[in-house]
Amino acid sequence: MDDLEQLKAIFSHSEEAGLECLLIGGHAVILYAVPRFTRDIDLLVSEDQIREWRILLEEQHFECYYETPQFAQFRKQGSTDVDVMVVRQPVWDRLWHEAVEKEIVPGFAVGVPALLHLIAMKLHASKAAHRRPDAMDFSDVIRLFRIHGLQLEDEDVSAIVERYGGEEALASLRAALEQDD
């Protein structure tokens, strides 16, 4: 099953079950016009629904092979892995309320975090000690800035970068964007 078919199946089953999620990670970055490859499907869900999400994915023959309170990874033979990031309800409420719909193909749209929220997630992930060395989080941030014309001179934008990426991310991003000038 290819990623598109799998995305459709997951979102269709979740809608039928009354479950909410946002598409995050590489697929969300792609929907914001950044061409790239991704290895898995990343979903963001509320802590209040993680139990139901686990059941839903297991009903689709996914097996959970790694789990923490904030994260779970699922695998199924012949399918793309599904990673589920779990957030507290107040965080979920804000992200869900400000999310946007992006059309994957005509007639099929999914919810994704607002651009600055996605950037915040990517910055946060880029600092995680357990990230793969080939993770593309920070390069995704740079490309999202370039494609969408974001400016570090915008106080809201620089505050997000500093809060979720730190001073080092702010300096690295500034240096990368100055190379474009």
Side-chain angles (χ1 to χ4, degrees), residues 1-17 19-46 49-50 52-54 56-58 60-68 70-87 91-92 94-128 130-148 150 160 164-165:
M1 179 181 292
D2 71 13
D3 284 5
L4 179 58
E5 290 175 24
Q6 192 167 322
L7 275 168
K8 284 181 174 181
I10 289 169
F11 276 82
S12 173
H13 289 292
S14 66
E15 189 175 315
E16 289 171 12
L19 298 176
E20 299 171 334
C21 72
L22 294 175
L23 184 63
I24 60 172
H27 285 288
V29 171
I30 291 166
L31 292 174
Y32 273 105
V34 175
R36 71 175 321 272
F37 171 77
T38 186
R39 304 170 197 231
D40 55 18
I41 294 172
D42 299 294
L43 303 176
L44 182 73
V45 304
S46 163
Q49 291 190 346
I50 186 57
E52 290 85 358
W53 269 100
R54 191 179 218 287
L56 179 117
L57 289 168
E58 288 172 350
Q60 293 180 54
H61 308 288
F62 282 90
E63 176 186 343
C64 184
Y65 67 92
Y66 178 80
E67 188 171 18
T68 71
Q70 296 82 28
F71 185 72
Q73 291 180 297
F74 295 85
R75 169 180 297 143
K76 177 169 75 171
Q77 184 75 20
S79 292
T80 304
D81 287 1
V82 176
D83 293 348
V84 180
M85 184 176 167
V86 182
V87 293
V91 174
W92 171 258
R94 181 171 182 206
L95 294 171
W96 181 255
H97 177 71
E98 296 179 23
V100 297
E101 285 222 338
K102 295 279 187 177
E103 198 169 61
I104 293 182
V105 294
F108 178 60
V110 297
V112 297
L115 180 59
L116 288 180
H117 290 167
L118 181 61
I119 287 171
M121 286 181 217
K122 287 294 197 173
L123 288 166
H124 180 73
S126 73
K127 294 185 342 183
H130 68 280
R131 294 300 282 174
R132 295 184 322 265
D134 62 340
M136 300 179 63
D137 301 306
F138 196 75
S139 61
D140 285 342
V141 170
I142 292 168
R143 290 184 293 202
L144 287 165
F145 262 74
R146 288 176 176 154
I147 287 172
H148 294 280
L150 296 174
I160 292 281
Y164 294 97

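Judged as a side-chain contact (heavy atoms from CB on, under 4.5 Å), and not counting sequence neighbours, the contacts of H148 are Y32, L115, L144, L150.
Considering every non-hydrogen atom in both S46 and V86, the closest pair reads C-CG1, 4.2 Å. Residues I160 and L116 share a closest heavy-atom pair of CG2-O, 4.0 Å. For F37 against M136, the heavy-atom pair with the smallest separation is O-SD, 4.1 Å. What you find for A72 and E67 is that their closest heavy atoms are CB-CG, 4.0 Å. Smallest separation of non-hydrogen atoms from V45 and C21: CG1-CB, 3.8 Å. Taking all atoms of both residues into account, the shortest heavy-atom contact from L118 to P113 is N-CB, 4.0 Å.
A heavy-atom distance below 4.5 Å is found between the side chains of R36 and R143. Residues F108 and L4 form a side-chain contact, since some pair of their non-hydrogen atoms from C-beta on lies under 4.5 Å apart. Residues L22 and V112 fail the side-chain proximity criterion, which asks for heavy atoms closer than 4.5 Å. Considering only heavy atoms from C-beta on, F138 stays 4.5 Å or farther from K122 through its side chain. At a threshold of 4.5 Å between non-hydrogen side-chain atoms, the residues E98 and H117 count as touching. Between V84 and F71, the closest side-chain pair of non-hydrogen atoms is not below 4.5 Å. Residues V82 and D40 fail the side-chain proximity criterion, which asks for heavy atoms closer than 4.5 Å. Within the 4.5 Å cutoff, side-chain heavy atoms of I10 are placed close to those of Q60.
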Report the C-alpha separation of L95 and H97 in whole Å, then their side-chain angles, then the decisive distance to 0.1 Å, and conclude whether the side chain to side chain contact (heavy atoms under 4.5 Å, CB included) test is met. CA-CA 6 Å; L95 294 171; H97 177 71; over 6 Å; no

What verdict does the side chain to side chain contact (heavy atoms under 4.5 Å, CB included) test give for F62 and R75, after you've listed the backbone C-alpha separation in whole Å, the side-chain angles of each residue and the deciding distance to 0.1 Å? CA-CA 5 Å; F62 282 90; R75 169 180 297 143; 5.6 Å; no

One pair to check against side chain to side chain contact (heavy atoms under 4.5 Å, CB included): L23 and L31. What are the steps and the verdict? CA-CA 10 Å; L23 184 63; L31 292 174; 3.9 Å; yes

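Between the CD atom in E16 and the CG atom in L56 there is a gap of 9.0 Å [rounded to 0.5 Å]. For the atom pair CZ of F11 and CD1 of I41, the computed distance is 8.5 Å after rounding to the nearest 0.5 Å. Note that CG of D42 and CD of Q73 are 9.0 Å apart. Values are rounded to the nearest 0.5 Å. Rounding to the nearest 0.5 Å places CD1 of I119 at 11.0 Å from CD1 of I142. Going from atom OH of Y164 over to atom NZ of K127 covers 10.0 Å, rounded to the nearest 0.5 Å. In this structure, CG on L44 lies 5.0 Å from CD1 on I24, to the nearest 0.5 angstrom.
E15 CD: 12 or fewer foreign heavy atoms inside a 6.0 Å radius.
Side-chain atoms of W92 and Q49 form no donor-acceptor pair, as typed in the model, at a separation below 3.5 Å.
A donor-acceptor contact shorter than 3.5 Å is absent between the side chain of S12 and the backbone of A9. In this structure, the side chain of K76 does not engage the main chain of D81 through any donor-acceptor pair within 3.5 Å. E103 places a side-chain N or O within donor-acceptor distance of the main-chain N or O of G107, the cut-off being under 3.5 Å. Judged by distance alone, the side chain of W53 and the main-chain N or O of S14 form no donor-acceptor pair under 3.5 Å.
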